Each structure stands twice: as structure tokens, then as C-alpha cells.
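Below is one structure, written out as C-alpha cells; comments come after it.
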Amino acid sequence: MALYFDRNLGPTSGLKRVASTSTDVKRTHTKLIVSEGPVPAEKWLIDPRLRKLFKYMNSTRWVVLPKGRIVALATNGGVNDDGRFVGYINRFTWNALTIANGGVDVTELDKDGNTYTRKANVPVGVVPYNMFEQDELEDMADVLPTVVRDHTYIEVPLFTNKVDAEAIHWGSAYGTFKGGDMLCSDANGRFIKWEEYKTEEQSFVDVAVDSGVATVYVDQPIKPGTTPVIEVIDPATQTPVAGATLGDVLYASGKIVIEGLGTLTAVDVQVAYTSAIPQSPLQIVGKVCAVDLNIPPEGWLKWAEWALADQKTMADFDPTGFRPQDLTQGTGLTDGGYPYDPGYVDVLSKLYGPSGQGIPGLTDGSNIETQYTDEVIGEIQPNLAIGTKYTFRLKHRPAVLGSLTVKIGDTEVVPDYVDYDAGLVIIITTQTYSTVQTVTATYKATGQVPGLPTNWDFKGCVGGLRIMLTL
């Protein structure tokens, strides 16, 4: 705006606007670029409906938007049901960040346990840190979230299946990926592969069978040229139905006919099919630039562990698995180990030598489950009396509770006592053997991946997915 000074109006009101004409404009648009770079300088609120997920470290506040999740602007809720909510302090209305849902409506529970629908939305970024709920009673200012966007290179833990990915709160990716794949959000802000025509899955329960034929209708039209995959289960026996085959498919209506069901009166059906409705490119959030399946990853961290001086004084980090009570207690199955526990021979060398397992709970893969199959843990000598007690040690500890299977020779046996943390296995023989019998164990153990960083240390994690954000 152009101004001039009118001396006759005095020092306080002497500035007057210079009038514009249609061809001689005296003002300009002075605010255009709000911010530059991957972090928008914008005031948003956090969707007040979001469910309380977890408390982080020593905080008393609940995290509602975990680090690494894909977020979007809310499209419903608020005063006018447009995703704009009233701020806690200044009482103005502002757009709110919520969890991205891949463009589909998601019905869930809010923070008070009531059902609400998070309407289809479009992603705007990724949460760069844990964001807490707004406390209306204590906060002196609005909680102001932010996001990272395009030209930001990020890494999230990679899982092969949805169940393991959903077991952690933070951002993650699940599925099978290769370099160059485009990514979008699933229904809850996790990274999945973007496909122009999505693979959909749908379940049907107690589908009526007439003369060996059943019919189901999937929710979306099926893409021509593709073939639906069906799994048919007998609800009475919960086993696959032998002879069930795919019959006619009406692609436009989503009708699928299943034949070969014999005399069954009802079946359960699982269908996987390719939707004929293309997915919006507006849902794309990034591109895969690297799939790192090296566990542990390359780097110096694999050498990190407690100092040897600390190891000698910290019984919790004894790498042998032996406990003081194994030598002194006299409580039936757990009274002493000698002479049947050969591991006692090198207790001292193991205890006071470097463990090579990384820092327990920090760089040792304490949540990754490593499978060991038919590991030889000892032998049973011939011609000894029934009721002889043998004490064995699993070579990798701690073992995963319930994962242990033990065999004497080729015969599976149930141990009389197992301590999964210490790796202690006790067997009391129920027969006499004429020859030496090898004892093997099949089990899973955690803490077996020295050098695994904590951001990959989750059950089912197979590595990291590195993403260039493009939204």
C-alpha cells in the first residue's frame, strides 16, 4: 500500500492512502511465501479425538501421534465438521493433524472410548517426533505439531507382515518392496506399496451352498484380465475344502462363483482380488530409495558393548546363563548341575571374556527372535537307570517362552523343567538306552544380533526401508 504524509492532519494521523486506479496500482501483495524447505511454518492443532497410545520415557502425558507415522489434515470433526477445531487458548479455529488413512474412511475409538469415523483424507507429511495430547486443564498454550515433507530422506523399520508392524506404535513399513516403488499410507499411517490397482482382501462367513455351488460379491468391481484367489474353509472342521474351484467371475459386479463344494451346506470364503477402481496418485507419499536387509547393518555399532570392567561386576550381563542357585540349591529338579552340565568347565572363561553380544537391551537385538533348529545340547549315556537326571544348557539365551522342542534321538520329549531365561533344561529319563542318544533342541532366542540398533529392534523386523518423501 502506498502512503503519503498530509502535514495538515498532524503527526498521529498524517498518513493517508494513495488511491489506485485500474491502470496505476499503488499496492502489492506482500505475503506470498510463508516458508521454504521441508517443514511448513503453519499452525495446526492435533486432532483432539485421537486415542491415547502410550506414555514415553518419564513423561506423564500420552502420545497420540507417534514418530514416523504418516499424517493428514482432518476432513471431518470440529465446529463445522470440516476438520477445523477451536484452539484451547485463543479460541480461533485451526486445521487439525490426524492419522493418514490411505483415502478410506476408518471407524475407531476416540480418547474417551466413543466410536467416531476418521473420514478419507490426503497425506501432508510425516511426524518427526512423538506428539502428545493437548491437556486442556494444564496447558498454557496450544500444542503445535509439525511435519516433514518432500526432499526429506527418512528410514523406518521394515516388516514382512502387517501384524508385526502394528505391534509397534512408531512409523513402519510392511510388505515386499524394491527400489523405485511408490509408497502410500495404510489405514493407520504406516507405509505400504502404492499400486494403481490395489489388491483387496475380503472375508465371508457361513456362505450358503446350493448343489455344491456358493456365490459371493466383493465390495469393488474386479479388474478385467486378473483372476481372484479364493480360500474355502469348512466351518465345521476349520479345514480347507478339497475340490473347491473358482467358477464364473462377473468383473463389473464383483460376483464370484465357487464350485465343487459337494454336500456342504455352508462355507467360509476368503477372497483376494485386484480392484478395478484406480487408486488416487494424491495418496503417494514417497519413493523407495533403498531396502536394507542387512541385519545387523553395516557400521561401527556392531562392536559396541559394555566395558570389560563393567561386565565383571554386573551379574545381570553374565553371558553364560549360569545362576548362583544352580550350584547351591537343593530343590529337587534344580539341585546343582554337576556333573551332568559340561558348561561348568568354561564358566570362568565365558564370564570374564568379552561377550560379543552387544549391550543387553540396547545393541543386542533384544526383541528379534532368532530361530535355532536341532541344536545339539548334549548326550544321554547308555545303560543308566530309569530316573537319571540330566541337566542341559541351550547355547543361545534367553530363549523365547514356549518356543522349545526337545528330542532324544528322533523322539520328541517333554522336559521336566525349563528355565527359558537361563537356558536350563532338565530331563529325567523314563527308559534305559542301549546306545548313546543325542539330545537336540529347536527354539527361538532373543539378544542374538550384536550391533542391531534400537530403531530396528522389533519382533519381525527384517531391516530398514529408506524413503525419499515426495508429498
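For the single chain, residues carry numbers from 1 onward in sequence order. Bear in mind that the values here come from a model prediction, so they are computed numbers and not experimental data. In what follows, every heavy atom counts, from backbone to side chain, and hydrogens, waters and symmetry copies are set aside.
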Report task. Check step by step if side-chain contact (heavy atoms from CB on, under 4.5 Å) holds for V406 and I427. Result -> CA-CA 10 Å; V406 177; I427 295 175; 3.8 Å; yes
Report task. Start with the C-alpha gap between D164 and K459, add the side-chain angles, then the distance that decides, and say whether salt bridge (Lys or Arg N to Asp or Glu O under 4.0 Å) holds. Result -> CA-CA 7 Å; D164 287 336; K459 179 183 176 183; 5.1 Å; no
Query raised in the report: Which distance, rounded to the nearest 0.5 Å, do you find between the OG1 of T98 and the CD1 of I46?
Result: 10.0 Å
**Report entry** Expected output: side-chain D206 to main-chain A266 donor-acceptor under 3.5 Å
**Finding:** no
Requested in this report: Indicate whether the side chain of N101 and that of S185 have a donor and an acceptor atom separated by less than 3.5 Å.
Outcome: no
Query raised in the report: Can you name the one residue among V147, V148, I467 that meets side-chain contact (heavy atoms from CB on, under 4.5 Å) with V126?
Result: V148
Report task. Please tell me if the side chains of V127 and I70 come closer than 4.5 Å, counting only heavy atoms from C-beta onward. Result -> no
Query raised in the report: Is the number of heavy atoms from other residues, nucleotides or ligands within 6.0 Å of CZ (R466) greater than 12?
Result: yes
Query - No-hydrogen, no-angle side-chain donor-acceptor test under 3.5 Å, E42 and N95 - result: no
Report task. Over all heavy atoms of both residues, which pair between P40 and P38 is shortest? Give the atoms and the distance, please. Result -> CD-O, 3.5 Å
Query - side-chain contact (heavy atoms from CB on, under 4.5 Å) between V288 and L183, worked out - result: CA-CA 7 Å; V288 174; L183 301 173; 3.8 Å; yes
Query raised in the report: Is the closest side-chain donor-acceptor distance between D292 and N294 under 3.5 Å?
Result: yes
Requested in this report: State, without any angle test, whether T107 and T117 hold a side-chain donor-acceptor pair at a distance under 3.5 Å.
Outcome: yes
Query raised in the report: Is the distance between the ring centroids of F54 and W170 under 6.0 Å?
Result: yes
**Report entry** 4.5 Å side-chain heavy-atom contact, S203 and V269
**Finding:** no
Report task. Verify the distance criterion only: is there a donor paired with an acceptor across the side chains of Y174 and D186 at less than 3.5 Å? Result -> yes
Query - Side chain proximity check, T388 to I428, heavy atoms < 4.5 angstrom - result: no
Report task. Report yes or no: do D219 and Q202 form a side-chain donor-acceptor pair below 3.5 Å? Result -> yes
Query raised in the report: Of all heavy-atom pairs between P297 and L452, which one has the smallest distance, and what is that distance?
Result: CD-CD1, 4.3 Å
**Report entry** Considering all heavy atoms, the nearest D181-F177 contact
**Finding:** OD2-CA, 3.4 Å
Query raised in the report: Hey, mind stepping through V462 and L158 against side-chain contact (heavy atoms from CB on, under 4.5 Å) and telling me if it holds?
Result: CA-CA 6 Å; V462 296; L158 173 60; 3.8 Å; yes
Query raised in the report: Under 3.5 Å, side chain of N130 to main-chain N/O of K67, donor-acceptor pair present?
Result: yes
**Report entry** Residues E375 and Y443: side-chain donor-acceptor under 3.5 angstrom
**Finding:** yes
Query raised in the report: Between E231 (side chain) and A272 (backbone), is there a donor-acceptor pair under 3.5 Å?
Result: no
Requested in this report: Spell out, as yes or no, whether a donor-acceptor pair under 3.5 Å connects the side chain of Q238 to the backbone of P235.
Outcome: yes
Query raised in the report: Strictly by modelled atom types, are R118 and N188 linked by a side-chain donor-acceptor pair under 3.5 Å?
Result: yes
Report task. Would you indicate whether N114, at its atom CG, is surrounded by more than 12 heavy atoms from other residues, nucleotides or ligands within a distance under 6.0 Å? Result -> yes
Query raised in the report: Does the side chain of F85 reach to within under 4.5 Å of the side chain of R49, using non-hydrogen atoms?
Result: yes
Query - K193 vs K178 side-chain heavy atoms within contact, under 4.5 Å - result: yes
Query raised in the report: Can you check whether I295 reaches W456 side chain to side chain, under 4.5 Å on heavy atoms?
Result: yes
Report task. Report, as yes or no, whether the 6.0 Å neighbourhood of atom OH on Y433 holds more than 12 heavy atoms from other residues, nucleotides or ligands. Result -> yes
Report task. For side-chain contact (heavy atoms from CB on, under 4.5 Å), just list the numbers for V400 and Y420, CA-CA rounded to whole Å, side-chain angles, deciding distance to a tenth of an Å, and then say yes or no. Result -> CA-CA 7 Å; V400 175; Y420 282 90; over 6 Å; no
Requested in this report: Give a yes-or-no answer on whether the side chains of S275 and E200 include a donor-acceptor pair shorter than 3.5 Å.
Outcome: no
Query - Distance under 6.0 Å and angle within 45° of ring axis: K223 vs Y197 - result: yes
Query raised in the report: Quick one: are F159 and E166 in side-chain contact, heavy atoms under 4.5 Å?
Result: no
Report task. Could you check if a side-chain atom of I284 sits within less than 4.5 angstrom of a side-chain atom of T470, using non-hydrogen atoms only? Result -> yes
